[in-house]
Amino acid sequence: LIILSLASEYYCDAETLLTKILSNKILVYLGQISFAFYMTHLLVIDILDLYFVIPNHIIKTGLIIIITLTASIFTFEKIEKPANKLIKTL
């Protein structure tokens, strides 16, 4: 995506389809919470493996994604955003 966006800036004007897709509010927000998602996904997987037996891998994967997404939104909104504001005021 990085290479595509750079190529888009070089070869096209600002209102291309690729630019519209990459500036979609949902995709931008997913990009903002991606670090929190990365930091919480393994914890969610370990907790599900430790405390629950889920034989169906599709259901397990869906649960992992939903729980990790929820946890990463919470982490981003309640920890990362306030910490960034605090750091900017210093």
Side-chain angles (χ1 to χ4, degrees):
L1 287 176
I2 294 170
I3 294 170
L4 289 175
S5 66
L6 291 174
S8 169
E9 284 185 34
Y10 183 74
Y11 289 110
C12 305
D13 60 81
E15 288 299 317
T16 63
L17 178 62
L18 181 62
T19 304
K20 288 179 183 178
I21 291 171
L22 292 176
S23 60
N24 179 291
K25 289 182 181 183
I26 294 171
L27 291 179
V28 170
Y29 190 72
L30 286 174
Q32 290 175 330
I33 68 168
S34 64
F35 181 71
F37 193 93
Y38 167 73
M39 294 299 290
T40 57
H41 82 280
L42 193 56
L43 179 64
V44 170
I45 292 170
D46 287 344
I47 289 172
L48 280 178
D49 283 343
L50 186 63
Y51 293 108
F52 301 99
V53 176
I54 304 170
N56 188 328
H57 293 294
I58 295 172
I59 293 173
K60 183 177 180 180
T61 302
L63 278 174
I64 289 170
I65 291 170
I66 291 169
I67 294 169
T68 303
L69 188 60
T70 304
S72 62
I73 290 170
F74 178 80
T75 303
F76 176 73
E77 294 292 337
K78 300 298 180 188
I79 297 172
E80 194 172 336
K81 264 184 162 177
N84 284 335
K85 281 185 182 179
L86 180 65
I87 290 170
K88 286 181 183 179
T89 61
L90 296 178

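Throughout, residue positions are numbered sequentially from 1 according to the sequence presented.
I26 CD1: 12 or fewer foreign heavy atoms inside a 6.0 Å radius. Within a 6.0 Å sphere centred on CD1 of I58, other residues, nucleotides and ligands contribute 12 heavy atoms or fewer.
Contact of the K85 side chain with the T89 side chain is not registered, since no non-hydrogen atoms from C-beta on lie closer than 4.5 Å. Side-chain contact between T68 and I45: absent, with no pair of heavy atoms (C-beta onward) separated by less than 4.5 Å. Under the 4.5 Å side-chain criterion, counting only non-hydrogen atoms from C-beta, T40 is not in contact with I67.
Distance check, rounded to the nearest 0.5 Å: CG of D46 to OH of Y51 gives 10.5 Å. Separating the CD1 atom in I66 from the OG1 atom in T61 is a distance of 11.0 Å, to the nearest 0.5 Å. Note that CD1 of I33 is 9.0 Å distant from CD of E77, once rounded to the nearest 0.5 Å. Interatomic distance, T70 OG1 to I65 CD1, rounded to the nearest 0.5 Å: 11.5 Å. Considering CD1 of I54 and CG of L63, their distance stands at 5.0 Å, rounded to 0.5 Å. Atoms CG and CG, from D49 and L42 in turn, are 9.5 Å apart once rounded to the nearest 0.5 Å.
Note on V53: it does not cluster hydrophobically with L48, by side-chain heavy-atom contacts below 4.5 Å among ILVMFWY residues. In this structure, L50 is a member of the same hydrophobic cluster as I64, with clusters built from ILVMFWY side-chain heavy atoms closer than 4.5 Å. Linking ILVMFWY side-chain heavy atoms closer than 4.5 Å, directly or via other members, places I47 and I59 in a single hydrophobic cluster.
Below 30°, between 30° and 60°, or above 60°: for F37 and H41 the angle between ring planes is below 30°, a parallel geometry.
Between A36 and E80, the closest heavy-atom pair is CB-OE1, 4.2 Å. Between L27 and I21, the shortest heavy-atom distance links the atoms CD1-O, 3.1 Å. I73 approaches Y29 most closely through the heavy-atom pair CG2-OH, 3.6 Å.
Judged by distance alone, with hydrogens and angles left aside, the side-chain atoms of T75 form no donor-acceptor pair with the main-chain N or O of S72 at under 3.5 Å.
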